[in-house]
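Here's the structure we're looking at; comments come further down.
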Amino acid sequence: MTTMTTHEIPHLQLGDITLTSRLVVGTGKYSDYETMQLALDASGCNAVTVAVRRERLVDDQGRSILDFIDTDKYTILPNTAGCFTASDAIRVARLGRDILEQIDNAGSSWVKLEVLGDKTTLLPDPVGTLEACRELVEDGFSVMCYSSDDPIMATLIRDAGATCVMPAGSPIGSGRGIANPCAIRLCIDLLKKPEHGGDPTYPVIVDAGVGTPSDVTIAMELGADGVLLNTGIALAQLPIQMATAMRMACDAGYHGFHSGRIPKKLHASASSPFDGSIAGE
Amino acid sequence: MLSVLQVNGKEIDYDNAMQLDALLEFLELSNQPCAVEVNQTLVPHNERDQFTLNEGDSIEIVTLVGGG
């Protein structure tokens with residue numbers, strides 16, 4: 001039997017990029033850049049997501065988010081959030097890559113692809129997602145692809161060339177956690193189990209909807225390779241403490257899954273022996 | 001010669017050299033990590049000095065912001 005310590009969680013390989021942490025953390029919605037910086041550090045992550053926008057090139061104090069992200073420490077994963085068509089997502093991906101090439105960050109080779117279906121649910125448009133995924137892969141991107149928790153859609157995204165499929169636990173920013181654990185488990189089975197045509201090394205990251213550390217643990221206990229979250233940390237009352245909890249929860253879930261849980265039973269099974277008991281004598 | 005350009009959705013009157021890198025300098029963005037599209041086509045950062053703008057061009061200048 002293999003024994004493990006918390007120091008033995010293997011790195012996660014996503015295309016050419018190696019992650020030392022299984023948490024990928026977003027940089028949006030923090031009250032200020034300083035809190036974001038401390039929360040990222042507390043989470044232990046080494047990859048962070050960002051958005052590409054024109055609204056503000058610097059904040060009202062003349063600062064850029066890049067002033068608060070150590071680009072030697074963090075791989076930056078630009079997203080295509082806010083795109084509702086494949087063509088817009090492709091444009092945004094290329095713009096993000098051009099920025100990261102200028103700062104010589106390893107994240108220039110990848111993109112978190114989101115092609116959204118509507119503004120209320122922020123659920124993905126599956127047709128647009130596949131179209132954009134194929135074109136970005138053709139253009140040399142490693143595509144980390146946001147998806148619903150539909151298992152068949154997950155396999156189609158993989159077949160379109162995505163480096164990683166990222167099924168949603170629940171709608172973005174909802175804090176509802178893993179709404180359908182069976183669906184996530186099916187995604188993981190179809191993508192990773194050889195008997196279902198999967199590859200055990202194919203990465204699956206649960207993205208979106210995480211509200212609590214236990215949500216992270218559940219995702220990892222289902223067999224996900226990692227979890228991507230933002231709002232659950234950024235809008236917590238104490239984001240830095242929550243980031244710490246998310247880190248610990250991720251480690252716990254990883255070890256929980258890989259150590260092999262006991263099967264569930266209908267009836268009780270006493271942990272203390274009946275033999276030798278003086279009760280009822 | 002005065003030219004009218006659309007920059008991030010706003011019309012500006014521009015009276016400088018028509019190279020893209022000159023526009024970024026005019027906007028005080030030369031030292032900011034940003035990416036630029038002209039008429040919805042990316043102009044790679046290492047080609048800005050060779051890219052000539054035309055009257056009425058629509059230019060998008062973007063950078064990185066917080067996101068999930």
Side-chain angles (χ1 to χ4, degrees), chain A residues 24-30 32-33 36 48-59 64-66 68-69 71 76-82 87-88 90-105 107 112 114 122 146 172-173 207-208 210 228-234, chain B:
Chain A
V24 179
V25 180
T27 58
K29 296 184 177 175
Y30 290 90
D32 53 71
Y33 285 144
M36 176 200 77
V48 297
T49 58
V50 296
V52 176
R53 289 289 183 277
R54 75 181 190 188
E55 290 94 342
R56 296 183 307 176
L57 292 163
V58 292
D59 73 0
S64 160
I65 194 170
L66 289 172
F68 294 85
I69 297 175
T71 54
I76 297 174
L77 174 55
N79 68 30
T80 64
S87 59
D88 279 348
I90 292 163
R91 285 173 61 201
V92 168
R94 289 173 176 156
L95 288 163
R97 177 168 65 182
D98 192 69
I99 295 171
L100 291 183
E101 285 175 349
Q102 293 169 58
I103 60 173
D104 200 24
N105 188 269
K112 179 193 171 192
E114 295 182 27
L122 299 180
Y146 171 64
I172 293 170
D207 174 14
V210 167
L228 193 159
L229 76 161
N230 187 159
T231 308
I233 293 176
Chain B
M1 190 178 82
L2 188 68
S3 298
V4 177
L5 301 172
Q6 290 279 338
V7 178
N8 285 4
K10 292 180 184 170
E11 205 168 85
I12 67 163
D13 296 325
Y14 183 64
D15 192 17
N16 278 330
M18 291 300 275
Q19 268 61 47
L20 182 54
D21 59 345
L23 173 68
L24 292 178
E25 194 169 338
F26 171 78
L27 296 170
E28 300 181 349
L29 295 172
S30 294
N31 298 320
Q32 296 283 345
C34 60
V36 184
E37 270 187 350
V38 178
N39 302 326
Q40 299 203 356
T41 300
L42 172 72
V43 180
H45 61 277
N46 53 4
E47 296 178 15
R48 290 174 188 161
D49 58 344
Q50 301 142 40
F51 190 95
T52 303
L53 296 165
N54 293 301
E55 169 79 23
D57 275 348
S58 177
I59 298 145
E60 293 286 354
I61 305 171
V62 299
T63 190
L64 302 179
V65 301

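To find a chain, count down the sequence lines: A is the first, B the second, and so on, and within it residues start at 1.
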Structural part of A/K112 lying under 4.5 Å from a heavy atom of chain B: side chain

Heavy-atom contact with chain B under 4.5 Å, split by part of A/I172: neither

Part of A/N230 within contact of chain B (heavy atom distance under 4.5 Å): side chain

Greater than 12 external heavy atoms within 6.0 Å of B/E55's CD: yes

Proximal component of B/E60, with respect to chain A [non-hydrogen, under 4.5 Å]: side chain

A/D104 CG: over 12 foreign heavy atoms closer than 6.0 Å: no

Value rounded to 0.5 Å, distance of CD1 in B/I61 from CG in B/L27: 5.0 Å

Region of A/L95 that comes under 4.5 Å of a non-hydrogen atom in chain B: both

Exceeds 12 heavy-atom contacts within 6.0 angstrom, atom CD of B/Q50: yes

Side chain to side chain donor-acceptor pair (under 3.5 Å) partners for A/D32, two or more places apart: A/T35

